[in-house]
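Take a look at the structure below.
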There are 2 protein chains.
Amino acid sequence: MTARGRRNITIKDVARYAGVSTATVSRVLNGSSPVKDELVERVQHAVTTLGYHPNAAARTLKTRKANAIGILVPDISNPYFMQIIKGIEDVMALDFSLLMASSDEDSNKEKKLLNVLSEDRIDCLVLATAGGNDEVIRTIDEKGIPVVLIDRLPESLANVMDSVVEDNFWSAYELAQSMINLGIKSLGIIHGPMSASTAYQRASGCMAAIRQHAPRLAVREYFGDFTLESGERAVEHFLQEDAPEAIIALNNLMAVGAISKLIKHGFVIGKDIVAGSYGAIENYLLFGSSLRYVEQEPRTLGKLTGRVVQRRLEDRHAEVVSHVVKQQLGITVK
Amino acid sequence: MTARGRRNITIKDVARYAGVSTATVSRVLNGSSPVKDELVERVQHAVTTLGYHPNAAARTLKTRKANAIGILVPDISNPYFMQIIKGIEDVMALDFSLLMASSDEDSNKEKKLLNVLSEDRIDCLVLATAGGNDEVIRTIDEKGIPVVLIDRLPESLANVMDSVVEDNFWSAYELAQSMINLGIKSLGIIHGPMSASTAYQRASGCMAAIRQHAPRLAVREYFGDFTLESGERAVEHFLQEDAPEAIIALNNLMAVGAISKLIKHGFVIGKDIVAGSYGAIENYLLFGSSLRYVEQEPRTLGKLTGRVVQRRLEDRHAEVVSHVVKQQLGITVK
DNA sequence: CTGACAGGAGTAATCGATTACAATACAAGA
DNA sequence: TCTTGTATTGTAATCGATTACTCCTGTCAG
């Protein structure tokens, strides 16, 4: 009934149909060396009438170029990483495929995926690591698939391979400073998991700002794990005593959890309590109350990452680059 | 300095190191036929000490299995599609890679990407088409890469290949009905682009509900394009006359645009005007006002899609299935 | 004791493209 | 006319794995 499973058209078929050798077909297709106009036309005609598509596996096997880059992030459904991926896509050529996988913040799953991805099917790997696989990553990079680290930068890999990360320290510093400038007397900080380099650096940034600009601020801390629920728990924790005048959540998910919990407790954000978030909150504009936040620009980061990848593909021996991108501070107001 | 570019370890190296033939190595690796325990051990030892990874291209070339599925959607940064992808990932084996691309709702770009993807690098293609490529899609499916259509189902392809779509008609019907039941006298409807099957079916569902349950309802329509901006324009359009008592946006982005515009004009959602949306709005809970919406469950749809893919991979000649999934109605209240 | 058969391992063909090298034709210069 | 060079095209090796076949060895029924 259907023609499924029919043998595919190969370069041989095209060659036979056009009455030339496979070498000539290949040359026409890749423009790798000159071919007489007449033959070019015959080949092109054969290609279209037969509906020929080159076999990517065969080409990859011979040329050692996969025309694909791998992207491994902790969570593909996180809009932050999606925007980064979108940014990478923006700058990559159309015939470059993106091989994606998500580790779900699980080092073991990440390790397995790294193994699959290192089977020579990608030309470059963009990686936001869940941690704990430094050795494997280093091996992949050394073995021949260049790695570009994004978002998270394990200490042992810094300056060993290319990286594109946010300036977590200074962005958090400025966020904290902008809240201190409002003259608050007390502050609740909701941290991420200290195993993540991002969380640690944001924490350091906050603390530095406090030490420098408000050493006598009453600070209370809660150690969450970057999830919405831990934001909620943080607020419950803070409300066991007098509520702080301001609250900072060091990622957007925790901010959402914290703010929704505060609202449930009857707080009016921006009036009863000042809120700050590392990362914007989607559709917060609808809500219309005030929020100070670090304006991450994942799409821009993605584009930058894409350029780093291209540079690395062009020259495997180019100097290692480490981009640390400063973010802007934003504020939504009623 | 670095060892980048070093020749990779191949199956030959493993064979030599273990003192066996490549055939034996392959048999050990794939368990395709029995091998004596002693040799198994020698081979496994060689594999680990040499750090051997099979070459995916070579394997794919020979076996015609890519161990990868392609996913082509109009917009990867749309959380709806991301959740679908996440769902697919949930059910696929770990060694299956996802090759992703996004067409940006552009038929031409989609066509190019379809060509790249059909170069034998995937075993199956999951596609939410931007439209206009029915013939190409049919060819790919017939040529040997089975296609599973999701979200959008072009008429000419229905029942030709597997599909997983929402029951747009009935979900929209019920959304409209639930608003009619509130006793409204006038309604503004914001449509998507009629070229998209989803938009058309949602429109039909709304209209059917009105015809059946409130034939005398004063209905006004605006034809948008599923973007946030067109939602804003729709509201501007409606407000040129008396505001309707209720408003339905037939996708979530237009709903966000419409609602934010209404708020800017001083409307209190749920009090001055009733709002309905096909698809939930992220973080709307924070906002806390009432909204009726069709609760899409993209992750569930993704899992279902994954199962359809697996079934198709197992048996290329299995009967074509068309899943039409009914969505739930949701409501957020103050 | 012999032929049949099965388990286990090796040899070499194969997948479909690219490309080094060889071969050919033709034109220009000696 | 002969040499040399240039422009095209073809031939066949190659990439790294899988697998059809072949071969050897030992077991067992007859």
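Model, not experiment: these values are computed from the prediction.
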Just how far, in rounded Å, is P of C/dA17 from NZ of A/K12?
10 Å
Using a 4.0 Å heavy-atom cut-off, write out nucleotides 6-12 of chain D from 5' to 3' as B (base contacted by protein), S (sugar-phosphate only) or - (no contact).
--SBBBB
Is the number of heavy atoms from other residues, nucleotides or ligands within 6.0 Å of CG (A/D315) greater than 12?
yes
Length of the line joining B/R16:CZ and D/dG16:P, which is rounded to integer Å
12 Å
Residues passing the side chain to side chain donor-acceptor pair (under 3.5 Å) test with B/D90, sequence neighbours excluded, are B/R299
Length of the CG-P vector between A/D13 and C/dA17, whole Å
9 Å
D/dG16 OP1/OP2 closer than 4.0 Å to side-chain N/O of B/T10:
no
Which atom pairs link the protein and nucleotides 24-26 of chain C when you take only N or O atoms and keep those under 3.5 Å?
none

Taking DNA chain D as the partner, which of residues 40-69 of chain A come within under 4.0 angstrom of it by heavy atom?
A/L61, A/K62, A/R64
Tell me, please, which residues at least two apart from A/S156 pass side chain to side chain contact (heavy atoms under 4.5 Å, CB included).
A/D134, A/R138
Check whether any side-chain N or O of B/N8 sits under 4.0 Å from OP1 or OP2 of D/dG16, and answer yes or no.
no
Just how far, in rounded Å, is P of C/dG16 from CZ of B/R121?
16 Å
May I ask you to decide whether A/E38 forms a salt bridge with A/K36, counting only side-chain N to carboxylate O separations under 4.0 Å?
no
I'd like to check A/V148 versus A/L125 (side-chain heavy atoms, cut-off strictly below 4.5 Å). Are they in contact?
no
How close or far is atom P of C/dT19 from atom CG of A/N30, stated in whole angstroms?
7 Å
Any side-chain donor near an acceptor of the partner, A/T198 and A/E166, under 3.5 Å
no
How would you list all residue pairs meeting side-chain hydrogen bond (donor to acceptor under 3.5 Å, both in side chains) that involve residues 46-66 of chain A, not counting sequence neighbours?
A/N55-B/D120
Quickly, which of B/L72, B/V136, B/I137 forms a side-chain contact (heavy atoms from CB on, under 4.5 Å) with B/T129? Name it, please.
B/I137
Does a donor on one side chain sit under 3.5 Å from an acceptor on the other, for A/S197 and A/E155?
no
Salt-bridge test for A/R152 and A/E110: reply yes if a basic N is under 4.0 Å from a carboxylate O, no otherwise.
no
Heavy-atom check, side chain of A/S102 versus side chain of B/K86, under 4.5 Å
yes
